[in-house]
Protein chains: 2
Amino acid sequence: MNGTGTPAHGSTGTPAQGTARAGRRGRPRSAAVDTAVVETVLRLLEQGVTIGELSMERIAREAGVGKAALYRRWAGKEELMLDVLRSLDDVSQPEPPGVSVRDDLVVLLEFLRRRGLAKRSSAVLRTVVTQVKAHPRLWNEYHRTVVTARREAVFAVLRRGMATGEVRSDLDVELLAELFVSPMLTRALLHEWEDLSEGLAERIVDTVLEGVRPRERAFSG
Amino acid sequence: MNGTGTPAHGSTGTPAQGTARAGRRGRPRSAAVDTAVVETVLRLLEQGVTIGELSMERIAREAGVGKAALYRRWAGKEELMLDVLRSLDDVSQPEPPGVSVRDDLVVLLEFLRRRGLAKRSSAVLRTVVTQVKAHPRLWNEYHRTVVTARREAVFAVLRRGMATGEVRSDLDVELLAELFVSPMLTRALLHEWEDLSEGLAERIVDTVLEGVRPRERAFSG
DNA sequence: TTATTTCGATACGGACCCGTTCCGTATCGG
DNA sequence: CCGATACGGAACGGGTCCGTATCGAAATAA
């Protein structure tokens, strides 16, 4: 039925390994096609194009690629978008140094801040995350792959802080994590016009740690 | 040029006042059409339909309404969506009682929590906000109309708290507001699987006020 | 060389959509 | 009653998209 014989859509699993696989007979797939397509989709999303406005036809056109080359690799738009999403996660979260909970949290939040500012990520993250959230299947995949790992890192830091007494241990870890993370997320994803200014991570962490109610001249040492 | 003479698209300005305007000559517009259309769009969005998948044709079909009736009221999908958005804002935010900053913040956050749980709002808010965020023009309008007012209410409470000494006055009001609001927003909009459990507003407000670092036996009176 | 697979390009039929226009009917003001 | 405007329904021409197929050329393995 399928003219290509064994389809072998590269989508699920390895993210676009289109280049020649061992013992393949004919002309190998061009890696340039894979990158051109992914880059094009990212560029379009950066420019504010909606996923709904993205068609396989348009992607092929703007990438300078034949439609056949697309369908040879991905079964449809959804499969393609999944690979595009995965291509955003190559930059890994920094390992928190582990000296103090305060500094570790700053490191993790600073990563989010810089990510929200990064040339490639800024618009893409805003747009892609927004767009992807609108498509349950894509969002589930993104969350399962990326978000969960980040949350776990924060949990670990907080649990360590509870053990060392740097953090109150009478609170729910998940809620605690959100107190630190969500202000940064909100600015990065929801309030695009607000600035992710220098030192924001420190201010958030310190304020949440210290509390908003005035302290009655408490010594911290 | 336009067959309808003076078009008078009701969209911008009054949100769907389609019923008869004074001194109109012919058959008045049916209010049933307006409500049927808006309700249908909300229902579809609740069911997870993307804005991109919403066509005027489909809206008319599912609402049991002629396309002409749509184009008689709205110039296009965007204008229609704006009116749908406006229809979500009829439920107004409660006025904070003004006894204590802590209780006022709880009231405001509790409103967000209940809104996130409400039968009609839950899926609609999640879906609509997500969808609308993906369309800059719609998002700007929504933000200008709704979000700003809510933020100002929080600002007012916090400024009052700074004056009465209930809140540290050495902090940026906007950042402060986000420390309280964004955890609730994150749960309501981003983490749909998490629960907006009873007492969440109180826990957020109290924890942010008190701080996450263990207090050294501080008296609060 | 030969068989195979890829490439970009182009075309196809079928589906859906857009915004407009026209029906026949219903409902209002004058 | 009559002119005007509304209604739902159906059709229009023009467009985009989908997924598949076919083309000649290029690139590889056997």
Side-chain angles (χ1 to χ4, degrees), chain A residues 1-11 16-37 40-41 44 49-81, chain B residues 1-11 16-41 44 49-81:
Chain A
M1 344 290 197
N2 193 347
T4 59
T6 307
H9 282 126
S11 65
Q17 84 292 26
T19 13
R21 277 162 302 175
R24 203 84 169 93
R25 273 271 285 180
R27 172 176 174 174
R29 293 193 181 165
S30 164
V33 171
D34 295 73
T35 65
V37 169
T40 298
V41 172
L44 291 174
V49 178
T50 303
I51 284 192
E53 295 163 350
L54 271 187
S55 59
M56 295 294 268
E57 202 135 348
R58 179 170 176 185
I59 292 170
R61 207 186 314 131
E62 303 231 27
V65 149
K67 282 173 63 180
L70 281 191
Y71 282 101
R72 218 172 278 126
R73 281 155 230 264
W74 298 282
K77 198 169 75 176
E78 191 136 324
E79 306 289 337
L80 169 53
M81 298 311 292
Chain B
M1 338 298 197
N2 193 346
T4 60
T6 308
H9 281 126
S11 64
Q17 84 293 25
T19 12
R21 279 161 301 177
R24 203 85 168 91
R25 272 273 284 184
R27 170 176 175 175
R29 294 193 181 166
S30 164
V33 170
D34 296 72
T35 64
V37 169
V38 173
E39 289 295 309
T40 298
V41 172
L44 291 175
V49 178
T50 303
I51 285 191
E53 295 164 348
L54 271 187
S55 61
M56 295 295 268
E57 203 135 345
R58 177 170 177 185
I59 292 170
R61 205 186 315 133
E62 303 232 27
V65 150
K67 282 173 65 179
L70 280 190
Y71 283 102
R72 220 172 278 128
R73 282 154 228 263
W74 298 281
K77 196 170 77 177
E78 191 136 325
E79 307 289 337
L80 169 53
M81 297 310 293

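Order of the sequence lines fixes the chain letters, A, B, ..., with proteins taken first and strands second; residue numbering starts at 1 for each chain. Only this structure's heavy atoms are used, side chains among them; waters, hydrogens and symmetry mates stay out.
- Judged by distance alone, with hydrogens and angles left aside, the side-chain atoms of R72(A) form no donor-acceptor pair with the main-chain N or O of R29(A) at under 3.5 Å.
- Closest to the side chain of A69(A), from the set dG8(C), dG8(D), dC28(C), is dG8(C).
- Under the side-chain contact (heavy atoms from CB on, under 4.5 Å) criterion, A60(B) pairs with K67(B), L70(B), not counting sequence neighbours.
- Atoms CZ (R72(A)) and P (dT20(D)) sit 12 Å apart, rounded to a whole Å.
- In this structure, the CG atom of D34(A) is 11 Å from the P atom of dG8(C), given to the nearest Å.
- Looking at residues two or more places apart in sequence or on another chain, you find no salt bridge (Lys or Arg N to Asp or Glu O under 4.0 Å) involving R61(A).
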Any N/O pairs under 3.5 Å between the protein and nucleotides 13-19 of chain C? List them or say none.
unit_1  : atom_1 : unit_2 : atom_2 : d
dC17(C) : OP1    : S55(B) : OG     : 3.1
dC17(C) : OP2    : R61(B) : NH2    : 2.9
dC17(C) : O5'    : S55(B) : OG     : 3.4
dC18(C) : OP1    : M56(B) : N      : 3.1
dC18(C) : OP2    : M56(B) : N      : 3.1
dC18(C) : OP2    : E57(B) : N      : 3.0
dG19(C) : OP2    : Y71(B) : OH     : 2.6
dG19(C) : N7     : K67(B) : NZ     : 2.8
dG19(C) : O6     : K67(B) : NZ     : 2.8

Give every pair of a protein N or O atom and an N or O atom of nucleotides 23-26 of chain D that lie under 3.5 Å apart, one pair per line with the distance.
unit_1  : atom_1 : unit_2 : atom_2 : d
dA26(D) : N3     : R27(A) : NH1    : 3.2

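- One atom, CG of L70(B), and another, P of dT21(C), lie 16 Å apart when rounded to the nearest Å.
- When atom types are taken as modelled, the side chain of S30(A) and the backbone of A32(A) share a donor-acceptor pair closer than 3.5 angstrom.
- In terms of the salt bridge (Lys or Arg N to Asp or Glu O under 4.0 Å) criterion, residue partners of R58(A) (sequence neighbours excluded) are, by chain and number, E62(A).
- Distance, I51(A) CD1 to dC17(D) P: 15 Å, rounded to whole Å.
- As a whole-Å value, the separation of E62(A) CD from dT16(D) P is 13 Å.
- The distance from atom CZ of R25(B) to atom P of dC1(D) is 17 Å, rounded to the nearest whole Å.
- Atom CD in E78(A) sits roughly 15 Å away from atom C1' in dC18(D) (whole-Å rounding).
- Residues satisfying the side-chain contact (heavy atoms from CB on, under 4.5 Å) criterion with T35(B), sequence neighbours excluded, are absent altogether.
- Heavy-atom distances to DNA chain D give each of G64(B) and G26(B) a nearest nucleotide, and the one nearer the 5′ end belongs to G26(B).
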